[in-house]
Amino acid sequence: MAKLTENDIIQWNGPEEEYMNADQQAFFRALLLHLQDELIHNATTTAGHLQEQAATPDPADRATLEEEYALELRTRDRERKLLSKIQASLRQLDEGDYGFCQDTGEPIGLKRLLARPTATLSVEAQERRERIKKQFAD
């Protein structure tokens, strides 16, 4: 099993039967695990920052600190949601469903997965959902 690079993924032009082969699965598993580790590290760092919160007598300084903490917590909340998607993608890899559109069963595409490793829909299916959502919003 050869270790693929990002460039290998971008340039892949093999037959459809070889889509999501063992090498490609290993590449995306490593990518997803790396992203997961980064998010967990960020959450740990944030928890440490919040525990170190220093008492500041100046109200302006205190307000600035509280705003910075609020921003950091919002960021971590978004990352928590992303972590959930990453873990779902890892489960899909284990089950052999990763890389295939949930709506159509067609390949999502390696370039799309490289850009968005947690994608569950092909570009066409995503666009169709967005058009329908926009129609109901209007």
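Any value given below was found using the heavy atoms of this structure, including those in side chains, with hydrogens, waters and symmetry copies removed.
- Evaluation of the side-chain contact (heavy atoms from CB on, under 4.5 Å) rule for Gln25 yields Met20, Leu93 as partners, not counting sequence neighbours.
- Among residues at least two apart or in separate chains, there is no salt bridge (charged side-chain N to carboxylate O under 4.0 Å, His left out) pair with a member in residues 8-17.
- Ring geometry for Tyr19 versus Phe100: interplanar angle over 60°, hence perpendicular rather than tilted (30 to 60°).
- Each salt bridge (charged side-chain N to carboxylate O under 4.0 Å, His left out) pair with one or both residues in residues 107-131, not counting sequence neighbours, appears once here: Asp103-Arg129.
- Closest heavy-atom contact between Ala125 and Cys101: CB-SG, 3.6 Å.
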Atom pairs and distances, side-chain donor-acceptor, residues 29-36, under 3.5 Å, sequence neighbours left out:
residue: Arg29; atom: NH1; partner: Asp94; partner atom: OD1; Å: 3.1
residue: Arg29; atom: NH2; partner: Asp94; partner atom: OD1; Å: 3.1
residue: His34; atom: NE2; partner: Glu38; partner atom: OE2; Å: 2.8

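- Within the model, atoms CD of Gln24 and CG of Leu110 stand 4.5 Å from one another, a figure rounded to the nearest 0.5 Å.
- Atom NZ of residue Lys133 and atom CD of residue Gln126 lie 9.0 Å apart, to the nearest 0.5 angstrom.
- A search for side-chain contact (heavy atoms from CB on, under 4.5 Å) contacts involving Asn13 returns nothing, not counting sequence neighbours.
- Cluster membership for Leu113 and Val123, using ILVMFWY side-chain heavy atoms within less than 4.5 angstrom, is not shared.
- In this structure, the separation between CG on Asp23 and CZ on Phe28 is 12.0 Å, given to the nearest 0.5 Å.
- The only member of Arg76, Arg80, Lys81, Arg74 that meets side chain to side chain contact (heavy atoms under 4.5 Å, CB included) when paired with Arg78 is Arg74.
- Considering only heavy atoms from C-beta on, Ile108 stays 4.5 Å or farther from Leu121 through its side chain.
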Intermediate values then yes/no, side chain to side chain contact (heavy atoms under 4.5 Å, CB included), Leu114 and Phe27: CA-CA 10 Å; Leu114 190 57; Phe27 173 86; 3.7 Å; yes
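- Thr120 contributes atom OG1, which lies 11.5 Å from atom CG of Asp97 (distance to the nearest 0.5 angstrom).
- Under the side chain to side chain donor-acceptor pair (under 3.5 Å) criterion, Asn42 pairs with Glu79, not counting sequence neighbours.
- What you find for Ser122 and Pro107 is that their closest heavy atoms are CB-O, 4.4 Å.
- Taken to the nearest 0.5 Å, the CG atom of Leu82 stands 6.0 Å off from the OG1 atom of Thr118.
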